[in-house]
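Comments concern the structure below.
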Amino acid sequence: MPVALSYPGVYVEELPSGVRTITGVATSITAFVGWAPKGPADRAELVLSWSDYVRKFGGLDPRSLLGYAVSQFFTNGGQRAYIVRLVRPKQDNPPADAPAAAATAKVTVNEKLDITASNPGAWANDYAIVTKRSASDPTRFRLSVVNHKLAPDGIAIEVFENLSMKATDPRFVDTVLKSESVLVSAKATGADAPTDPEAGHELDAKLTGGDDGVPLVPDDAAFETALDFTNEASGIYLLDRIDLFNLLCVPGETKSTVITSLQKFCRDRRAFLIADCPETASFSAVQTGPGAVTGNDAINAAFYFPWLIAPDPKQE
């Protein structure tokens, strides 16, 4: 603001400069890729704390190294991480001995409202859908997503009021759940609001059919298939849909052909790969570049050595 001149003297007025300071860019945003029992499988999901990861992806699971790696990341000061959850896909005509694929839980309420879990996994089998018509307007209803494993009568985790079965209504159940629910989605197949459940049968509409499938294990062919270096719409390429990541970790993956592909993926995106060395690798073997951390793309990669041995919090 101009200085108010009240008496003779020397006055200094600071004018804004057209030069803008250079804004710093984060250099520690880490992407983790691996199998988890729950969580979005169609995008790279941002998590900002360990509790955030637990809520979205289920926390520690002895069947996978992913949760343990993310836990150590936040324990050691990490602040932002993207998670790419890999799941075993369903095959059209699987052989009889094929490992079980991940499946998504579903339930139909009153044969007029299809409810589907937001992502595959057995986690959704703990939930039920409870509806209640409005006393003032029977065409509208409340929908509650209830966890029936936490208490005998269930505990409502999500509640959506004043819903409608009409697609033209602003509170159309399909639209509201798509934009607001993190647990389920809906598809209205009838015209009328679901009827109220009879007393004592509120938890009858339980989601069923959710299955974790056989976990994907690093260094296995199925894990490499799920990474999907051939399809830019899935797997590792889900990271192309986010603004920025600087580090990439695929906990437990040591297969040389995969490490080679991950190195190129990172170098092309100016990111850095932190690869796990084989669990039994010696120091001399690491020095000579075991696996595929060699060549031009190796400038953007390094081995993490050695493997650490620590108590498992899940076993304490």
If you count every heavy atom of other residues, nucleotides or ligands that lies below 6.0 Å from [X] atom [atom1], does the total exceed 12?
X	atom1	result
K90	NZ	no
L46	CG	yes
D268	CG	yes
E198	CD	no

Which atom of [X] lies closest to which atom of [Y], heavy atoms considered:
X	Y	result
D61	P37	OD2-CG, 3.6 Å
A205	V109	CB-CG2, 4.3 Å
N296	R267	O-NH1, 3.1 Å
A193	K112	O-NZ, 3.7 Å
D174	A188	OD1-N, 3.0 Å
A124	A105	CB-CB, 3.6 Å

Centroid separation under 6.0 Å, is that true for the rings of F32 and F73?
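Yes, the ring centres sit under 6.0 Å apart.
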
Quick check, are the ring centers of Y237 and F265 under 6.0 angstrom apart?
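Centroid distance Y237-F265: below 6.0 Å, so yes.
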
Measuring from atom [atom1] of [X] to atom [atom2] of [Y], what distance do you get when rounded to the nearest 0.5 angstrom?
X	Y	atom1	atom2	value
D196	H201	CG	NE2	14.0 Å
S144	E161	OG	CD	7.0 Å
L66	L216	CG	CG	11.5 Å
E111	D114	CD	CG	10.0 Å
K132	E202	NZ	CD	9.0 Å
R171	M165	CZ	CE	14.5 Å

Determine whether [X] and [Y] fall in the same hydrophobic cluster, where Ile, Leu, Val, Met, Phe, Trp and Tyr are linked whenever their side-chain heavy atoms lie under 4.5 Å apart.
X	Y	value
L273	L86	yes
F245	V47	no
L48	I242	yes
F229	L248	yes
V145	V182	yes

Side chains of [X] and [Y]: does their closest heavy-atom pair fall under 4.5 Å?
X	Y	result
V176	L163	yes
L113	T189	no
D169	R140	yes
V70	W50	yes
T108	I115	no
R142	V159	yes
L177	F172	no
Y127	V184	no

I'd like to know if the side chain of [X] and the backbone of [Y] have a donor-acceptor N/O pair within less than 3.5 Å.
X	Y	result
D240	E232	no
E253	D219	yes
R88	A222	no
T30	S28	yes
W123	G39	no
S261	T257	yes
R43	L239	no
D211	A122	no
S179	T175	yes
R133	F141	no

Step by step, would you call S181 with F160 a side-chain contact (heavy atoms from CB on, under 4.5 Å)?
CA-CA 9 Å; S181 176; F160 306 95; 3.5 Å; yes

Stepwise salt bridge (Lys or Arg N to Asp or Glu O under 4.0 Å) check, K255 with E224:
CA-CA 9 Å; K255 193 174 179 179; E224 182 177 355; 3.1 Å; yes

When you look at Y68 and D312, which way does the side chain to side chain donor-acceptor pair (under 3.5 Å) test go after all the steps?
CA-CA 9 Å; Y68 294 90; D312 185 350; 2.9 Å; yes

Parallel, tilted or perpendicular: which describes the rings of Y53 and F57, with under 30° parallel and over 60° perpendicular?
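Rings of Y53 and F57: parallel, under 30°.
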
Can you check side-chain contact (heavy atoms from CB on, under 4.5 Å) on E45 and K56, steps first, answer last?
CA-CA 9 Å; E45 181 75 5; K56 293 180 178 180; 3.0 Å; yes

With sequence neighbours left out, write down each residue that passes side-chain hydrogen bond (donor to acceptor under 3.5 Å, both in side chains) with N125, or none if nothing qualifies.
none

Among all residues two or more places apart in sequence or in another chain, which pass the side-chain hydrogen bond (donor to acceptor under 3.5 Å, both in side chains) test with T230?
D228

What verdict does the side-chain contact (heavy atoms from CB on, under 4.5 Å) test give for V146 and I157, after you've listed the backbone C-alpha separation in whole Å, the side-chain angles of each residue and the deciding distance to 0.1 Å?
CA-CA 6 Å; V146 177; I157 306 300; over 6 Å; no

For R63 and D212: C-alpha separation, side-chain torsions, deciding distance, then whether salt bridge (Lys or Arg N to Asp or Glu O under 4.0 Å) applies.
CA-CA 11 Å; R63 297 172 293 177; D212 292 342; 3.1 Å; yes

Please determine which of L65, I274, D276, L262 meets the side-chain contact (heavy atoms from CB on, under 4.5 Å) test together with C249.
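Among the candidates, only I274 passes.
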
Does T116 form a side-chain contact (heavy atoms from CB on, under 4.5 Å) with K187? I'd like the steps, not just the answer.
CA-CA 8 Å; T116 304; K187 181 179 180 180; over 6 Å; no

